[in-house]
Amino acid sequence: MKLVVYLYFSMIVLGVQAWPSVKRSFELFPNPAVPHNVHTVSDCMHVASEAGDYIFKKLNPLNSALNREAVLLELEAAGAAGMGVVPGEGAAAAAGGAGGGGAGAGAGTAADVQELQPEVCGLYVMGEPDTIVEITMKHYDANCETGALMAFVDGWELNGEYFPGIKDHHRPLEERVYEFCNNYRQWPRVSNKKFFRSSQNAALLQYRIPVRGSFVANVRFHKITQPCNVLVQDTAAMYKMSNFGQARNCTISALFPAVVSLASLRIGGKSVRAQPKVNYDCQLPSDRLEIGGSAGLDAIGMELASAVCGASSDLGPEQAIFCGVSTVRLVSSGRYQNQAAIVLRKADVPDMEIATLICAL
């Protein structure tokens, strides 16, 4: 009996001693000593490059409705004063939608309709070149029945174009975009916490919340050893590109006019690398480094300034790309170990003298 009591007491003591470590491994609240950034999403296109919680909240539209009513009354009063109409008669003219008062009403109605149309906004996340983005939806209130919708995009999307380009990404577009919203009629209720990871240093959280709603998205970055596609946030830096022996295309895109120069190059087979100088006009379909630009994100539609291949360890000449998006794209068949190091900086007016490409506005 004493042995049983001793063993039971020992198990209790060991359990008490082990509890703090178990509790720490399932910590629900962050350690106050660890810095935690909280950001408010206020712009429709909000660009983020820091880890932390990003909070968005849209209140009940009652105040907006009252504001619209006030604007309509002001338009009516202004129209009446400008045409010498009695304010009471302006309301009837506005309601009729004809004559001088109808113009003011038409403007007010158009504004009203425009505000009622839901706007698609986005949290555009960009990390360091050798990172991927992790987004955890800690909370989201986007009611499906009101037309609210959210989506995670593996990459960025602007005006229907994607980075990385649809043809350059290893995942099809339908697997890169994940849509979700709250179905409050669903029973039993399921947790609305979701977890996403990108394939490169860029990711997008889109949202359309027409009535009311909110979300809290936690952003983190993780280091990777073989980056391929990179969206540039620095205006002056050196970037290394490699296919790591794989048949894939890798892209570095800067969202500004840029000056590009080659710091080192090793692209193509032995016969190409044995040439006395770098070839700036490599013919298709050889492995090559494409330098160019475009108005949109997709590198497939870019205008080409040069296509480089060969081998060199000397710093090459600068060339300026005056386009909305400046792009360097490594095209690899998988037959060779291709690698390049490029120096990229923001282009300025004096760099027009070294421009190799100027895109149409």
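In this text the structure is predicted, and so the values were computed from the model without any measurement.
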Exercise for the section: Take R335 and S333 through the test side chain to side chain donor-acceptor pair (under 3.5 Å) and record every step on the way to the result. Expected result: CA-CA 6 Å; R335 294 177 295 174; S333 62; 3.1 Å; yes
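- Shown here for C250 and S242, the closest heavy-atom pair between the two residues is SG-O, 3.9 Å.
- Using cut-offs of 30° and 60° on the angle between ring planes, the pair F180 and Y140 is perpendicular.
- Just one residue in the list E175, Q200, R248 forms a side-chain contact (heavy atoms from CB on, under 4.5 Å) with H169, and that residue is Q200.
- Side-chain contact annotation: D154 with S199, donor-acceptor N/O pair under 3.5 Å present.
- Remark: R185 engages E145 in a salt bridge, criterion side-chain N to carboxylate O under 4.0 Å.
- Heavy-atom contacts from other residues, nucleotides or ligands closer than 6.0 Å to CZ of R345 number more than 12.
- Counting only heavy atoms from C-beta outward, the side chains of I55 and V41 never approach each other to under 4.5 Å.
- Between the side chains of N182 and N143, no donor N or O sits under 3.5 Å from an acceptor N or O.
- We find that R176 and E174 are not joined by a salt bridge, their nearest charged nitrogen and carboxylate oxygen being 4.0 Å or further apart.
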Handout entry: Audit row: S264, S313, side chain to side chain donor-acceptor pair (under 3.5 Å) steps and yes/no
Key = CA-CA 4 Å; S264 65; S313 56; over 6 Å; no
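- Across M45, H39, H46, Q206, a single residue satisfies side-chain contact (heavy atoms from CB on, under 4.5 Å) together with L123, and that is H46.
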Problem - Test log, rule side chain to side chain donor-acceptor pair (under 3.5 Å), inputs S261 and E318 - result: CA-CA 5 Å; S261 59; E318 290 187 328; 4.8 Å; no
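- Counting heavy atoms from C-beta outward, Y239 and P227 have side chains that stay 4.5 Å or more apart.
- For H222 and T131, the side-chain atoms include no donor-acceptor pair closer than 3.5 Å.
- Using a 30° and 60° split on the angle between ring planes, Y124 and W156 fall in the perpendicular class, above 60°.
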Exercise for the section: Could you walk me through whether N338 and S332 pass the side chain to side chain donor-acceptor pair (under 3.5 Å) test, one step at a time? Expected result: CA-CA 7 Å; N338 296 324; S332 301; 3.1 Å; yes
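- Remark: the backbone N or O of A51 is not paired with any side-chain donor or acceptor of R220 at under 3.5 angstrom.
- Note on ring orientation: taking the six-membered ring where Trp is involved, the planes of F196 and F152 are parallel (angle under 30°, cut-offs 30° and 60°).
- Y162 and D168 are not linked by any side-chain donor-acceptor pair at a separation below 3.5 angstrom, with hydrogens and angles left out of the test.
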